[in-house]
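These figures come from a predicted structure and were not determined experimentally.
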Amino acid sequence: MDVKTEKTLLVTVIADDRVGVIRDVSGALFKCGGNLVDLRQMVIGGVFTLHCVTEFENGADPAEIRATVRAALGDPRAEVAVRALPKAVAAAGGERYVAAASGPDRPGRVNRITTVLARHHVNVEDWRHDLSDPAGRALTIGVVTVPAGCDVAAVARDLREAL
């Protein structure tokens, strides 16, 4: 039986947070022959989440990776997903910005902001929305790519109007 192997995979882990989770996940990926290329991790609501792009020089079996990571975590509730990356899409060009907004929270805030960004063809690469301020203010911050030729002043104006 031929097992399909991939050289570059996205590995996603959701598990109860505890000390050493990144060590266990990265160790399991290394044990499978993987090298981390890009990693994003956060704890939200007491739940550990991790997304990482991992390269395997000789390819790897996604089922084996999933099993190895789950065994390393020792958490029966842990969720591990492994998938091949989509074919690369040619970049349309553009410039990266940090976008941030702070102010009173209102339902629909994230949707209003991302609707404006999508209307201007701005791609959101990394995003955070946080209501932990004791005064009830929301902090929304992210990394975005603004396409070449986009009027950044118009995007900023539309964002101010949406908030």
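- At a threshold of 4.5 Å between non-hydrogen side-chain atoms, the residues V110 and W127 count as touching.
- Alongside V98, the hydrophobic cluster contains I141 (criterion: ILVMFWY side chains under 4.5 Å).
- Inspection of the T140 and R109 side chains reveals an N or O donor paired with an N or O acceptor under 3.5 Å.
- Between atom CD1 of residue I65 and atom CG of residue L9 there is a gap of 5.0 Å, rounded to the nearest 0.5 Å.
- Sorted by first and then second residue, the salt bridge (charged side-chain N to carboxylate O under 4.0 Å, His left out) pairs with a member in residues 22-45 read R18-D24, D38-R40; sequence neighbours excluded.
- In the hydrophobic clustering (ILVMFWY side chains linked at under 4.5 Å, chained through shared members), I44 is joined by M42.
- Put simply, the side chain of V13 reaches to within 4.5 Å of the side chain of V69, judged on heavy atoms.
- Summarising the geometry, atom CG belonging to D75 is positioned 11.5 Å from atom CD1 belonging to I14; distances are rounded to the nearest 0.5 Å.
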- Item | Residues F30, L36; criterion side chain to side chain contact (heavy atoms under 4.5 Å, CB included); working and verdict | CA-CA 8 Å; F30 179 71; L36 295 174; over 6 Å; no
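- Taking T115 as the reference, nothing meets the side chain to side chain donor-acceptor pair (under 3.5 Å) condition, with sequence neighbours excluded.
- Residues T8 and T54 are not in side-chain contact: their nearest non-hydrogen atoms beyond the backbone lie 4.5 Å or more apart.
- When all heavy atoms are compared, the tightest approach of F56 to L29 is CE2-O, 4.1 Å.
- Looking only at side-chain heavy atoms (C-beta outward), V53 and L85 come within less than 4.5 Å of each other.
- A distance-only check finds a donor-acceptor pair linking the side chain of R70 to the backbone of P76 [under 3.5 Å].
- Counting heavy atoms from C-beta outward, R106 and R112 have side chains that approach closer than 4.5 Å.
- The shortest distance between side-chain heavy atoms of V122 and Y97 does not fall below 4.5 Å.
- Residues satisfying the side chain to side chain donor-acceptor pair (under 3.5 Å) test with R77, not counting sequence neighbours, are D16.
- The pair K7-E55 fails the salt-bridge criterion, with no side-chain N (NZ, NE, NH1 or NH2) lying under 4.0 Å from an Asp/Glu carboxylate O.
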Would you mind writing out the side-chain donor-acceptor pairs for residues 150-163 within the sub-3.5 Å range, not counting sequence neighbours?
residue: D151; atom: OD1; partner: A153; partner atom: N; Å: 3.1
residue: D151; atom: OD1; partner: A154; partner atom: N; Å: 3.2
residue: D158; atom: OD2; partner: H120; partner atom: NE2; Å: 2.6

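- Side-chain contact between C52 and L10 is absent, with no heavy atoms from C-beta onward closer than 4.5 Å.
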| task | Please step through side chain to side chain contact (heavy atoms under 4.5 Å, CB included) for the pair V144 and R96, ending with a clear verdict. | result | CA-CA 6 Å; V144 299; R96 292 177 88 195; over 6 Å; no
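- Between H51 and T12, the shortest heavy-atom distance links the atoms ND1-OG1, 3.1 Å.
- Nearest approach of R66 to V80, heavy atoms of both residues: CD-O, 3.2 Å.
- Separating the CG atom in N35 from the OG atom in S26 is a distance of 11.0 Å, to the nearest 0.5 Å.
- At least one side-chain heavy atom of H129 sits under 4.5 Å from a side-chain heavy atom of D105.
- The main-chain N or O of V11 is never found under 3.5 Å from a side-chain atom of R83 such that the two would form a donor-acceptor pair.
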